[in-house]
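Quick notes on the structure that follows.
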Protein chains: 2
Amino acid sequence: MDDEELFVLFRDNGYKVTTQRLAISKFILAREDHPSAEKIYKGLKTDYPTLSLGTIYKTLHTLKELGLIQELGFEEGSIRYDPNTSPHLNVVCTSCYKIYDYKSKTIEDFWSLIVSELKFKSEGQRFDIYHECDECKKLKK
Amino acid sequence: MDDEELFVLFRDNGYKVTTQRLAISKFILAREDHPSAEKIYKGLKTDYPTLSLGTIYKTLHTLKELGLIQELGFEEGSIRYDPNTSPHLNVVCTSCYKIYDYKSKTIEDFWSLIVSELKFKSEGQRFDIYHECDECKKLKK
DNA sequence: GTAACTGCAAACGCTTTGCACTCCC
DNA sequence: GGGAGTGCAAAGCGTTTGCAGTTAC
């Protein structure tokens with residue numbers, strides 16, 4: 001999503017277009033590793049030194065409201081933000097909590113089947129699979 | 001799981017068998033609504049007035065270690081405890097956060113397919129589907 | 001007897017809130 | 001100019017930790 005699209009989206013939904021909103025939105029929408037608020041903060045503070053964590057949380061809520069991102073809560077207490085709201089599998093490392101998306105026809109097929117089986121309209125979904133990633137395995141050796 | 005089985009499980013894994021451990025374990029293992037620590041606390045404090053939340057958290061960690069339960073983190077900050085560790089779908093209400101399990105052949109089949117597709121050993125999984133439950137829909141009318 | 005467990009309270013960490021200041025529109 | 005948005009700091013809240021007293025074995 002480029003500046004122009006975001007600009008229109010915010011304006012049409014009654015949100016003001018601010019430098020911070022654009023920066024945070026572009027940052028999260030471009031990433032596939034589902035960063036935490038802290039990661040976003042660290043990733044942007046060099047370019048936007050006055051940016052605060054509070055603003056990041058508020059912007060993330062706005063983006064969720066607009067349906068652009070999904071929140072993924074984890075047991076260790078943090079929330080990760082996922083810009084992919086279509087059915088996919090989050091491959092999560094049980095050691096470093098790295099996440100990446102996996103998509104395939106298997107998942108699409110499963111989703112159509114399960115939706116017709118359940119007989120109600122879904123408002124979203126979350127599929128996780130947990131395993132230790134290769135990097136973490138190496139570190140233990 | 002009855003007292004006898006839990007007794008053996010704890011003893012064989014080097015954990016002492018205490019009244020609190022038995023009570024908390026039986027409580028969580030018998031429920032399908034994935035209660036929070038607070039819910040477990042409220043559910044047991046009448047029968048065990050001196051029981052503390054700290055003990056509940058410690059016991060839940062022990063049960064996780066033993067592979068009897070899974071932790072499900074949510075965006076609103078709480079953790080829910082799921083005694084069903086086999087592949088299933090958590091049907092989650094977006095309004096009251098009520099959860100129930102849904103199992104079917106579709107899910108089993110999907111699981112076998114995805115595991116063979118991914119080519120690594122999984123340490124667990126979590127499948128959620130979000131929608132507003134009937135009760136919450138009624139309340140809004 | 002002693003090591004593990006419990007209960008309590010204080011500490012923690014992530015997220016939210018309140019409010020004065022700022023900046024879109 | 002006015003109201004939404006930002007930045008900062010304080011508050012909130014579920015969970016964890018530390019420790020003295022207790023209990024299983």
Side-chain angles (χ1 to χ4, degrees), chain A residues 3 6-25 27-28 34-42 44-66 69-81 97, chain B residues 3-4 6-25 27-28 34-66 69-81 97:
Chain A
D3 277 39
L6 284 169
F7 192 99
V8 172
L9 184 78
F10 287 139
R11 197 197 48 200
D12 290 359
N13 284 279
Y15 294 106
K16 288 186 178 168
V17 181
T18 66
T19 312
Q20 294 89 334
R21 249 179 208 156
L22 283 177
I24 297 165
S25 304
F27 187 91
I28 182 69
H34 312 3
S36 62
E38 192 67 37
K39 274 267 169 62
I40 300 172
Y41 181 60
K42 284 181 181 162
L44 289 172
K45 75 177 173 189
T46 316
D47 289 348
Y48 305 88
T50 70
L51 184 66
S52 73
L53 252 181
T55 299
I56 290 177
Y57 280 112
K58 285 168 195 163
T59 302
L60 289 168
H61 289 167
T62 304
L63 294 175
K64 189 188 178 189
E65 204 119 298
L66 292 172
I69 60 170
Q70 180 186 15
E71 295 181 339
L72 302 176
F74 284 93
E75 320 79 84
E76 27 78 271
S78 77
I79 298 177
R80 304 283 289 265
Y81 298 86
Y97 272 90
Chain B
D3 277 40
E4 188 57 36
L6 284 170
F7 192 99
V8 172
L9 184 79
F10 287 138
R11 198 196 47 201
D12 290 0
N13 284 279
Y15 294 105
K16 289 189 175 165
V17 181
T18 66
T19 312
Q20 293 89 334
R21 252 180 205 155
L22 284 177
I24 297 165
S25 304
F27 188 91
I28 183 68
H34 311 2
S36 61
E38 191 68 36
K39 273 266 169 63
I40 299 172
Y41 180 60
K42 283 181 182 164
L44 289 172
K45 74 176 172 187
T46 316
D47 289 350
Y48 305 87
T50 70
L51 184 65
S52 73
L53 253 180
T55 300
I56 291 178
Y57 281 111
K58 285 167 194 163
T59 302
L60 289 168
H61 289 166
T62 304
L63 294 175
K64 190 189 177 186
E65 205 118 296
L66 292 172
I69 59 170
Q70 179 186 14
E71 295 180 340
L72 302 176
F74 284 93
E75 319 80 85
E76 27 78 272
S78 77
I79 298 176
R80 303 283 289 265
Y81 299 86
Y97 273 90

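Proteins get letters first, then strands, A, B, ... in listed order; numbering begins at 1 in each. Any value given below was found using the heavy atoms of this structure, including those in side chains, with hydrogens, waters and symmetry copies removed.
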Starting at the 5' end of DNA chain D, which residue's closest nucleotide do you reach first, A/Tyr41 or B/Leu53? A/Tyr41

B/Arg11 has an atom CZ; how far is it from atom C1' of C/dA4, in whole Å? 17 Å

Whole angstroms only, please: what is the CG-C1' distance between A/Leu51 and D/dC8? 12 Å

For every nucleotide of nucleotides 9-14 of chain D, 5' to 3': is a protein heavy atom under 4.0 Å from its base (B), only from its sugar-phosphate (S), or from neither (-)? -----S

Checking A/Tyr97 now: which residues fulfil ring pair (Phe, Tyr, Trp, His ring centres under 6.0 Å) with it, not counting sequence neighbours? A/Phe74

What is the separation between atom CD on A/Glu75 and atom P on C/dG13, rounded to the nearest whole Å? 18 Å

Do B/Ile79 and B/Ser36 have side-chain heavy atoms sitting under 4.5 Å apart? no

Atom CZ of B/Phe7 to atom P of D/dA24: distance rounded to whole Å? 11 Å

For A/Glu76, all residues meeting side-chain hydrogen bond (donor to acceptor under 3.5 Å, both in side chains), sequence neighbours excluded: A/Ser78

According to the side-chain hydrogen bond (donor to acceptor under 3.5 Å, both in side chains) rule, which pairs have a member within residues 43-52 of chain B, sequence neighbours left out? B/Ser52-B/Thr55

My understanding is that only residues two or more places apart in sequence, or in another chain, count here; which of them pass side chain to side chain contact (heavy atoms under 4.5 Å, CB included) with A/Ile69? A/Ile28, A/Leu29, A/Leu60, A/Leu63, A/Lys64, A/Tyr81, A/Pro83

Which donor-acceptor pairs under 3.5 Å do side chains of residues 7-24 of chain A form with protein atoms, sequence neighbours excluded?
unit_1: A/Asn13; atom_1: ND2; unit_2: A/Leu9; atom_2: O; d: 2.8
unit_1: A/Thr18; atom_1: OG1; unit_2: A/Arg21; atom_2: N; d: 3.1
unit_1: A/Arg21; atom_1: NH1; unit_2: A/Lys16; atom_2: O; d: 2.8

Among all residues two or more places apart in sequence or in another chain, which pass the side chain to side chain contact (heavy atoms under 4.5 Å, CB included) test with A/Lys58? none

Gap between atoms CG and P, on A/Leu44 and D/dT6 respectively (whole Å): 13 Å

Write down the distance between CD1 (A/Ile24) and P (D/dT6), rounded to a whole number of angstrom. 7 Å

For B/Phe27, give me all partners under ring pair (Phe, Tyr, Trp, His ring centres under 6.0 Å), at least two apart in sequence or on another chain. none

Round to the nearest Å and state the distance from B/Phe10 atom CZ to C/dC5 atom P. 10 Å

Students often get this wrong, so: under 4.0 angstrom with heavy atoms, is A/Thr55 touching a base, only sugar-phosphate, or nothing? base

Under the salt bridge (charged side-chain N to carboxylate O under 4.0 Å, His left out) rule, collect the residues that match up with B/Lys42, sequence neighbours excluded. none

Pick out the pairs of N or O atoms, protein on one side and nucleotides 18-20 of chain D on the other, that lie under 3.5 Å.
unit_1: D/dG18; atom_1: O6; unit_2: B/Lys58; atom_2: NZ; d: 3.1

Can you tell me how far CZ of A/Arg80 sits from NE2 of A/His34, rounded to the nearest 0.5 angstrom? 8.0 Å

Counterpart residues, side-chain hydrogen bond (donor to acceptor under 3.5 Å, both in side chains), relative to A/Glu65 (two or more places apart): none

Within residues 12-23 of chain B, those residues having any heavy atom closer than 4.0 Å to DNA chain C are B/Tyr15, B/Lys16, B/Thr18, B/Gln20, B/Arg21

